[in-house]
Amino acid sequence: MKTIIEPFRIKSVEPIYFTTREERLRILKEAHYNPFLIHARDVIIDLLTDSGTSAMSSEQWAGVMRGDESYAGSESFFRFESSVRNITGMPYIIPTHQGRAAEKILFSITGGKGKYFVSNTLFDTTRANIEFSGATGVDLLCDEGKQPALVAPFKGNMNVAALEQFIQEKGAENIPLVIITVTNNSGGGQPVSMENVKAVKAVCKKYGIRLFIDACRFAENCYFIKKREPGYADQSILAIAQELFSYADGCTMSAKKDAFANIGGFLAMHDEQLAMECRNLLIITEGFPTYGGLAGRDLEAIAIGLEEVLKEDYLQYRIRSIEYIGEKLDAVGVPYIKPTGGHAVYLDAKAFLPHIPVHEYPGQALCGALYTEGGVRGVEIGSVMFGKYAEDGSLLPAAMELVRLAIPRRVYTQSHIDYVAEVILEVFKQRNSIKGYRITYETPLLRHFIAHFEQL
Ligand SMILES: *Cc1c(COP(=O)(O)O)cnc(C)c1O
C-alpha cells in the first residue's frame with residue numbers, strides 16, 4: 001500500500017507567520033489565556049474549527065466569478081438547487097446564510113413551549129434554537145457513544161429503544177421532529193450507521209413523527225458507512241448519501257462544513273406546507289427564496305463544493321489524515337476519544353493532565369500548552385464551555401474535559417499534521433509541569449468565547 005497523498009495540488013498559498021516560544025508566551029498572556037482572543041496571524045496551525053475554513057477549489061473560485069447576482073431567479077440558485085436535490089431527493093430547497101439560520105426558521109415554526117425535539121446529540125446552535133423557541137432538546141445517544149476509550153464503528157448512533165420509550169412517555173403529538181446529526185459533532189465526530197437511521201425512521205413512521213437530518217458532515221458519514229457497514233463497500237458515496245436522505249423528511253445543513261464553502265447553508269424538505277411557512281419566515285429574516293441571505297457567488301461555490309465532497313479520493317484522504325494523528329498519539333499513549341472521528345481529534349484533558357482538578361480547567365490548560373509549545377490553536381470542550389455554578393458558587397463540571405483539534409478541509413498537508421503530532425507529544429512529555437487556570441472575568445452566556453484566565 002502506497003502513501004495516501006493529498007488529492008490536490010496547491011495553486012494559491014497563504015503565508016504562515018512564525019513566532020518564537022517567548023513571543024507566544026507573551027501573546028497568550030495578552031490574550032488572557034483564551035485561544036479565541038489570539039489574533040489568527042499569531043497562530044501557526046489553526047485547528048480552532050473546521051467551519052468555514054475550507055480551501056475552495058479552482059472550480060469553486062471560477063464559480064464565484066460566474067455567480068449570477070440577480071435578486072430573483074438567479075442562475076446560481078438553480079445550479080445550487082439542482083445540486084442539493086440530486087443528493088437529498090427533496091423538492092423544496094431553501095438557502096440560508098448558515099446552518100443556524102436554517103435551524104432558527106425550522107424551530108420557530110415547529111417549536112414552542114411543551115414540545116420536545118429528540119436527537120442522537122443536538123449540536124449547540126441546534127439546541128440553542130430549540131430552547132429559544134421554548135421547546136426542550138433531548139439527546140438519546142447509544143451507550144457506546146458515551147465511553148471515550150471504547151473503539152466501536154458507529155458511536156454516533158441513536159438509542160432506538162430509548163427513543164420509542166420517550167415517545168410513549170411524552171406523546172407523539174408533543175414531538176414535532178426527531179433529528180439525527182451526521183456525523184455527531186458534539187460526540188466526537190462519530191458516524192451514524194444506515195441501519196440506525198432506518199431503525200429510527202421505522203419508529204418515526206410508526207408514531208407519525210417527521211425525521212430530519214442535521215447534514216453538516218453527511219459525506220464524511222457516508223464514507224464511514226462505505227468502509228464500516230456491511231453491504232456498502234461497492235456503492236458510490238452519492239448512492240449512499242441518496243439512500244441516507246431517502247429516510248428523512250427534511251434536513252438542515254451548514255455549507256461551511258462538507259460543502260467547502262466559507263459561508264452558507266440550507267433547509268430542504270418534502271412537505272410543501274412546511275416549506276411555504278419556512279419561506280415566509282425566510283423572506284423576513286434572510287431574503288428572497290432564491291438567495292436566502294447569500295450572494296449568487298456563494299450559491300455557486302456551494303453547488304460545486306457539494307459535488308466535490310462526494311469524491312472518494314478526497315474522503316479517503318480526509319478521514320485518513322485524522323486517523324493518522326490518532327496513530328501517532330497511540331504510539332506513546334496520549335489519551336483521546338477513540339476511534340478518531342471524521343473532522344477532529346478530541347484529546348482527553350482529564351486523563352492527559354490528571355494532576356489538574358476540573359475546577360482548574362485542564363482543557364484550557366492543555367490548549368495553552370499546545371499554543372505555547374508550537375503555536376497550535378485548539379478549543380476547550382469541557383467545563384469552561386459547559387460548566388455551571390452551584391448555589392454555593394462551586395463548579396458543576398462538564399461530563400468530559402476535552403480539547404478539540406478540528407482539521408480544516410484541504411488546508412494543511414501531511415507535514416503540517418506531523419508537526420501537530422510532534423507538538424502534542426512534546427506537551428505530553430512535559431505534562432507534569434503544566435499548571436491549571438483560574439477565571440478572572442466571564443459573562444453569563446457562552447463564556448468560553450470571551451472569558452479571561454490567569455495561570456495558577
Ligand atoms: C456547524 C454546525 C451547525 C451550525 O451551522 P453554522 O453554519 O455554524 O450556523 C449545526 N449543526 C452541526 C452539527 C454543526 O456542526
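Order of listing sets the numbers, starting from 1, for every ligand and every atom in it. Quick caveat, the model's predicted, so the values are computed rather than measured.
Scanning the protein for heavy atoms near atom 2 (C) of ligand 1, the closest one is Lys257 NZ, 2.4 Å. At the shortest separation from atom 8 (O) of ligand 1 among protein heavy atoms lies Arg100 NH2, 3.0 Å. Looking at atom 5 (O) of ligand 1, its nearest protein heavy atom turns out to be Ser254 CB, 3.3 Å.
The aromatic rings of His343 and Tyr346 stand perpendicular to each other, their planes meeting at an angle above 60°, with 30° marking the opposite boundary. Between Tyr291 and Tyr71, the two ring planes are perpendicular [angle over 60°; tilted spans 30° to 60°]. The aromatic rings of Tyr116 and Phe166 lie perpendicular to each other, with more than 60° between the two planes, well past the 30° mark.
For a threshold of 3.5 Å applied to N or O pairs, the pair formed by Thr183 and ligand 1 contains no separation below that value. For Ser51, no nitrogen or oxygen atom sits less than 3.5 Å from a nitrogen or oxygen atom of ligand 1, counting backbone and side chain alike.
Using a cutoff of 4.0 Å between basic side-chain nitrogens and carboxylate oxygens, Glu442 and Arg447 are scored as salt-bridged.
The aromatic ring centroids of Tyr314 and Phe260 lie less than 6.0 Å from each other.
Using a 4.0 Å cutoff on heavy atoms, Cys216 counts as a contact of ligand 1.
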Report task. Show your reasoning for whether ring pair (Phe, Tyr, Trp, His ring centres under 6.0 Å) applies to Tyr412 and Tyr419. Result -> CA-CA 11 Å; Tyr412 293 117; Tyr419 173 85; 9.9 Å; no
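Applying the 6.0 Å contact sphere to CZ of Phe8 captures more than 12 heavy atoms from other residues, nucleotides or ligands.
Listed by number with element, the atoms of ligand 1 under 4.0 Å from a non-hydrogen atom of Lys256 are 7 (O). Counting atoms of ligand 1 from 1 in the listed order, those under 4.0 Å from a heavy atom of Thr181 are 13 (C). The atoms of ligand 1 that sit less than 4.0 Å from any heavy atom of Thr125 are 3 (C), 4 (C), 10 (C). Residue Glu103 approaches ligand 1 through these ligand atoms, each under 4.0 Å from one of its heavy atoms: 10 (C), 11 (N).
Judged by the 6.0 Å and 45° rule, Lys257 forms a cation-pi pair with Phe123.
Distances from atom 13 (C) of ligand 1 to the heavy atoms of Thr252, Asp214, Ile179 put Asp214 nearest.
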